[in-house]
Enquirer: 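One structure, pasted below without further comment.
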Protein chains: 2
Amino acid sequence: MGTTNQLNQYWTDIYFHLHYPHKEKISHQVVRILQLVDKIDGVGVNDIASHIQVSQNTASEHVKRIIEKKLLTKERDSLDERKVVLRLTDLGRDVLHRNTSLDEEKLQHVIDGLEDSEKELVEKAFQLLSERAKSCSLS
Amino acid sequence: MGTTNQLNQYWTDIYFHLHYPHKEKISHQVVRILQLVDKIDGVGVNDIASHIQVSQNTASEHVKRIIEKKLLTKERDSLDERKVVLRLTDLGRDVLHRNTSLDEEKLQHVIDGLEDSEKELVEKAFQLLSERAKSCSLS
DNA sequence: GCGATTATATCGTAAAGTAAGATATAAATA
DNA sequence: TATTTATATCTTACTTTACGATATAATCGC
C-alpha cells in the first residue's frame with residue numbers, strides 16, 4: 001500500500017469515528033454549496049454552477065431553497081449590481097460544521113488522551129498539510 | 001480559538017482543497033451506507049437503519065437501490081440465513097473512495113513537496129489520530 | 001444612448017430520491 | 001409449534017434535483 005493510500009485509510013477512519021451524528025436531512029449538493037460559500041470569497045451563482053457541475057438555473061434554484069432554509073443570505077454586490085454576494089448565516093455555519101467537521105467533543109476527548117508532544121505533532125501535521133493543500137490548489 | 005476548532009479549520013481546508021471533483025450524483029444516505037459497509041464488519045439492514053436513523057423498510061429499500069446500482073452485493077449469512085451480509089463491489093469501493101477520501105493525485109503532489117521529516121510527521125500524526133479515534137468510539 | 005453581454009431568476013416539467021405504514025416471508029429460537 | 005428476528009415488498013406521499021425555455025436587470029463596448 002502506497003503512502004497516499006495509507007493516509008487515506010487514516011483519513012477516512014478518523015472521519016468515520018469522529019464525525020457528528022447525522023441529524024438533519026441534507027443533500028450532498030447543499031453541503032457542497034455551503035462549503036463553497038465558506039471557503040471561497042465572493043462566490044456567485046454562476047461560480048457555484050460550474051463548481052458543482054450543474055446548469056446556471058439549477059444553481060439558482062438551489063440557492064433559493066437554501067436561503068429559504070435560512071442557511072444563506074443574499075445581497076447584491078455594490079460594485080456590480082448584477083452579482084450576488086452569498087453569506088452563511090449562523091445556522092448555515094452550524095449545519096456546515098456538523099456535516100464536514102469532526103465532532104468537537106469527540107475530538108477533544110481524543111486530544112485529551114494525548115501527551116503534550118503528541119498534541120503538538122498532530123497540530124503541526126494538520127497545519128502543514130492544510131497550508132500546502134491551499135497553495136497546491138492555487139497553482 | 002480552541003485547539004479542536006483550529007484542528008477543524010485545518011481539517012476542512014485540507015478536504016476542500018484535496019477532495020476529488022464531484023462526478024456522480026450521489027446522495028448523503030448512499031455514501032453513509034457505503035461507509036458503514038466499509039468500516040463495520042458484517043452490517044445488516046437493521047444495523048444500517050439504526051445508524052442512519054430511518055425505519056427498517058426504508059433501509060431495506062436503500063440497500064435494494066444501491067445493489068441495483070452495482071455498488072453493493074448481498075449474500076445471506078451461512079450461520080444465520082436470516083441475516084444479510086453486504087459487501088462493496090469494486091465500483092462501490094471506487095464511488096466511496098471518490099466521495100470520502102482525498103484525491104490521491106493531489107495528495108501525492110502535496111506529499112512530494114514535503115521534506116522527509118515532514119512526511120514522517122504527517123504519517124505519524126494521522127496514524128496516531130486514527131488509532132485513538134478508533135479506540136475512543138469503542139469505549 | 002443602444003445593442004450585446006453578463007448574472008441571475010422564474011416557470012413548467014420530468015425523473016429520481018426519500019421515507020414510512022401495513023403487511024409478508026422465512027429462518028431461528030424457546 | 002408459537003414467537004421472535006431479520007429482511008422484503010407494496011402503496012403512497014412528498015421532496016429533491018435538474019434542465020430547457022424564457023425573462024429581467026445591470027454593465028460593457030462602441
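Lettering of chains follows the sequences in order, A, B, ..., and the numbering in each one begins at 1.
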Enquirer: Between A:E61 (CD) and C:dT13 (P), how many Å, whole number?
Expert: 14 Å
Enquirer: Below 4.0 angstrom, N of the basic side chain to O of the carboxylate: do B:E115 and B:K119 qualify?
Expert: no
Enquirer: Between C:dA19 atom P and A:E24 atom CD, what is the distance in whole Å?
Expert: 13 Å
Enquirer: Select from A:D77 and A:Q56 the residue whose nearest nucleotide in DNA chain D is closer to the 5' end of that strand.
Expert: A:Q56
Enquirer: For the CG atom of B:L96 and the CG atom of B:L72, what is their distance to the nearest 0.5 Å?
Expert: 10.0 Å
Enquirer: Just call it for B:I48: base, sugar-phosphate, or nothing, with non-hydrogen atoms closer than 4.0 Å on any strand.
Expert: nothing
Enquirer: At the 4.0 Å heavy-atom cut-off to chain B, mark where contacts on DNA chain D begin and end, going 5' to 3'.
Expert: D:dT5 to D:dA18
Enquirer: Can you tell me how far apart CG (B:L36) and CG (B:D47) are? Round to the nearest 0.5 Å.
Expert: 8.5 Å
Enquirer: With rounding to the nearest 0.5 angstrom, report the CG to CG distance, B:L18 to A:L129.
Expert: 6.0 Å
Enquirer: NA contact type, A:L79, heavy-atom cut-off 4.0 Å: base, sugar-phosphate, or nothing?
Expert: sugar-phosphate
Enquirer: Looking for any heavy atom pair under 4.0 Å, which part of the strands does A:D80 touch: base, sugar-phosphate only, or nothing?
Expert: sugar-phosphate
Enquirer: What is the distance, to the nearest angstrom, from the CG atom on B:N57 to the P atom on C:dG17?
Expert: 18 Å
Enquirer: Could you walk me through whether A:F126 and B:F126 satisfy the ring-ring contact (aromatic ring centres under 6.0 Å, His included) test, starting with their C-alpha distance in whole Å, then the side-chain angles of each, then the deciding distance to 0.1 Å, before giving a yes or no?
Expert: CA-CA 9 Å; A:F126 275 72; B:F126 275 71; 5.0 Å; yes
Enquirer: Going by the salt bridge (charged side-chain N to carboxylate O under 4.0 Å, His left out) test, which pairs reach into residues 59-68 of chain B, not counting sequence neighbours?
Expert: B:E61-B:K64
Enquirer: Is the A:H28 ring parallel, tilted or perpendicular to the B:H22 ring (thresholds 30°, 60°)?
Expert: tilted
Enquirer: Below 4.0 angstrom from OP1 or OP2 of C:dA19, is there any side-chain N or O of B:H62?
Expert: yes
Enquirer: Less than 3.5 Å between a donor and an acceptor, one on the side chain of B:S55 and one on the base of C:dA19, is that the case here?
Expert: no
Enquirer: Classify the nucleic acid contact of A:Q29 as base, sugar-phosphate or nothing, counting any heavy atom under 4.0 Å across all strands shown.
Expert: sugar-phosphate
Enquirer: Grab the CG-P distance between B:N46 and C:dA27 for me, whole Å please.
Expert: 17 Å
Enquirer: Could you tell me how far apart B:I26 (CD1) and C:dA16 (P) are, to the nearest whole angstrom?
Expert: 16 Å
Enquirer: Quick one: A:E68 CD to C:dT10 C1', roughly how many Å, whole number?
Expert: 13 Å
Enquirer: Need one value for A:R76: base, sugar-phosphate or nothing, where a base atom within 4.0 Å counts as base even if backbone is also close, heavy atoms only.
Expert: sugar-phosphate
Enquirer: Go nucleotide by nucleotide along DNA chain D from the 5' end; which of A:S78 and B:K74 gets its closest nucleotide reached first?
Expert: B:K74
Enquirer: Measuring to OP1 and OP2 of C:dG17, would you say a side-chain N or O of B:K69 lies under 4.0 angstrom away?
Expert: yes
Enquirer: Can you check whether A:N8's main-chain N or O pairs, donor with acceptor, with A:T12's side chain at less than 3.5 Å?
Expert: yes
Enquirer: Tell me the interatomic distance from B:E81, atom CD, to C:dT29, atom P, rounded to whole angstroms.
Expert: 12 Å
Enquirer: With heavy atoms under 4.0 Å as the rule, sort A:T58 into base, sugar-phosphate or nothing.
Expert: base
Enquirer: By the 4.0 Å heavy-atom rule, please label B:S60 as base, sugar-phosphate, or nothing.
Expert: base
